Participant: 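Provided herewith is a single structure, encoded as C-alpha cells, for subsequent inquiry.
Because the structure is a prediction, the values reported are computed rather than measured.
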Amino acid sequence: MLSALQIVSPLILIIFLGFFSFKRKIFNKSSINTLNKFVYLIPIPALLFRNTATIEFPEIFPLELWGAYFGSMLITSILGVLLSMAISKNRPFKGNVIIGFGSAFSNTVMLGIPVVLTALGDEAGIPLFLILAVHGIISFSVVTVLLEISSKTDTNLKGTFVAIGRSLSGLPVILALVAGLSWNATDLTFPIYLDKFLEILSGAAIPIALFAIGGSLTQIKIEGSIKEALIVTFFKLGIHPFVAFILASYLFKLPFLWIATVTILASMPSGIFTSVFAVRYGTAEDIASSSIVISTVLSSITISLWLTFFIVNYP
C-alpha cells in the first residue's frame, strides 16, 4: 500500500481545487448544484452498478461485516443522542436524533469510495460494496422512523412507511445498487461494450465528486451551536472508527482487508444527508451543516492517521 500521505494528499488537493475554484468565482454558485446533480445521477450510479453487477460476492451473507459496521453506527449514534440529551435538556428529541445520526452517518459515496479504493485497492471493493448495498436502506429507514415518531404525536404505521418510501424512492444510489445486485444474482455475462461504457462513466465519479465536495464547502456555513457541531465531529471522526475497528477486529474477527475497509469507511466525515434530514424535519439545521464542514476538514487528519496505522501494522 502507498503511504498515507501519498493516498490522501491527491484527494484533498482535488477538494481544495474545487473549494478555491468556487471561492475565487471561477465557477458560479449554480455550477455546484449542477456538478452535484451530475455526479450523483450518472457517474456514481454507474460505478456502483458496474461494481455490484460484476464483483464476486461471498456465497453466504456477510453478517459479521454488517455487524461490525452497522453495530458501530448503532453504538456511536446512541452515545451521540445520550450526550446531546445531557447537554441540552430542552432540545426536541428529533434534534437529538439528528445529532446521533450525524455522529455515525459517513460520507460513504462521495468520499468513502474514492478513499477506500485508492488506499486499499480494488480487492477492498467486495467489503465496500457489500456495506454500501444496504447502507442507505438501513440508515435512512431507521432515521426516518425515529424522526417521524419524534415529530408527530399521531404518527401511524402507514404514515411511517410512506415517509420511509419517500426517503428511499428515487435515490439513484439505491436504485443502482439494487439493479447491480439483481444482475449479479442472474449470473448473466456482462457485455463488453456495456462494461466499457460504464467504466468510462465511472472514471468521472471520483474526481468530479471530490471537486464538488470542495465547491459545496463554500456554501455551507459554520454558524451557531459550534459546541454541538464539535461534539458530532468528535463522535464521527474519533468514536465511530474506533468502535468499528474494535468490533471488526476483536468481536467479529474479520480478515485484515475487511477490518481496514470497515474502519476507513467509518472514519469518513458526516454525510450531506445529515443536513438533508435536518432541513426536512426543521431541527438542528445549524448543527448539521456546521458538523459537515468541520468534520470534512478535520477528516484529512484522522483518515491519514488510520491509514498510517494500517500501513505500519499490516504492511
Participant: Can I get a per-line list of side-chain donor-acceptor pairs under 3.5 Å for residues 95-104, giving both atom names and the distance, sequence neighbours left out?
Facilitator:
residue	atom	partner	partner atom	Å
Asn96	OD1	Ser84	OG	2.5
Ser103	OG	Ile99	O	2.7

Participant: Through direct or indirect side-chain contacts below 4.5 angstrom among Ile, Leu, Val, Met, Phe, Trp and Tyr, which residues connect to Leu74?
Facilitator: Ile78, Leu82

Participant: Among residues at least two apart in sequence or on other chains, which ones pass side-chain contact (heavy atoms from CB on, under 4.5 Å) with Phe211?
Facilitator: Ile14, Leu17, Ser21, Phe22, Phe27, Leu35

Participant: Inspect the surroundings of CZ in Phe38 and state if more than 12 heavy atoms from other residues, nucleotides or ligands are less than 6.0 Å away.
Facilitator: yes

Participant: Residues two or more places apart in sequence or in another chain: which of them pass salt bridge (charged side-chain N to carboxylate O under 4.0 Å, His left out) with Glu123?
Facilitator: none

Participant: Taking only distance into account, with no hydrogens and no angle test, what donor-acceptor pairs under 3.5 Å do side-chain atoms of residues 195-209 form with protein atoms, sequence neighbours excluded?
Facilitator:
residue	atom	partner	partner atom	Å
Asp195	OD1	Arg50	NE	2.8
Asp195	OD1	Arg50	NH2	3.4
Lys196	NZ	Glu199	OE1	3.4
Ser202	OG	Leu47	N	3.3
Ser202	OG	Leu198	O	2.6

Participant: Rounded to the nearest 0.5 Å, what separation is found between the CZ atom of Phe190 and the CZ atom of Phe49?
Facilitator: 4.5 Å

Participant: Whether the side chain of Ser72 engages the backbone of Tyr69 through a donor-acceptor N/O pair (distance < 3.5 Å, no angle test) should be reported.
Facilitator: yes

Participant: For the residue pair Asn33 / Ser30, report whether a side-chain donor-acceptor contact shorter than 3.5 Å exists.
Facilitator: no

Participant: Do the side chain of Ser275 and the main chain of Ile272 share a donor and acceptor less than 3.5 angstrom apart?
Facilitator: no

Participant: Is the backbone N or O of Leu130 less than 3.5 Å from a side-chain atom of Trp66, with the two atoms forming a donor-acceptor pair by type?
Facilitator: yes

Participant: Okay, side chain of Ser267, backbone of Pro241: is any donor-acceptor separation there less than 3.5 Å?
Facilitator: no

Participant: Under 3.5 Å, side-chain donor or acceptor atoms of residues 258-266 against the rest of the protein: list the pairs with distances, not counting sequence neighbours.
Facilitator:
residue	atom	partner	partner atom	Å
Thr261	OG1	Leu257	O	2.8
Thr263	OG1	Ile259	O	2.8

Participant: I'd like to know if the side chain of Ser290 reaches the main chain of Ile287, judged simply by a donor and an acceptor atom lying under 3.5 Å from each other, with no hydrogens or angles considered.
Facilitator: no

Participant: Let me check something: do Leu307 and Leu13 share a hydrophobic cluster, defined by ILVMFWY side-chain heavy atoms less than 4.5 Å apart, either directly or through other members?
Facilitator: no

Participant: Between the main-chain N or O of Ser141 and the side-chain N or O of Thr144, is there a donor-acceptor pair closer than 3.5 Å?
Facilitator: no

Participant: Got a sec: does the OH of Tyr250 have more than 12 other heavy atoms crowding it under 6.0 Å?
Facilitator: no

Participant: Is the backbone N or O of Thr283 less than 3.5 Å from a side-chain atom of Lys94, with the two atoms forming a donor-acceptor pair by type?
Facilitator: no

Participant: Centroid separation under 6.0 Å, is that true for the rings of Phe105 and His240?
Facilitator: no

Participant: Enter the distance from Glu228:CD to Ser291:OG here, rounded to the nearest 0.5 Å.
Facilitator: 10.5 Å

Participant: I'd like to know if the side chain of Asn107 and the backbone of Pro269 have a donor-acceptor N/O pair within less than 3.5 Å.
Facilitator: no

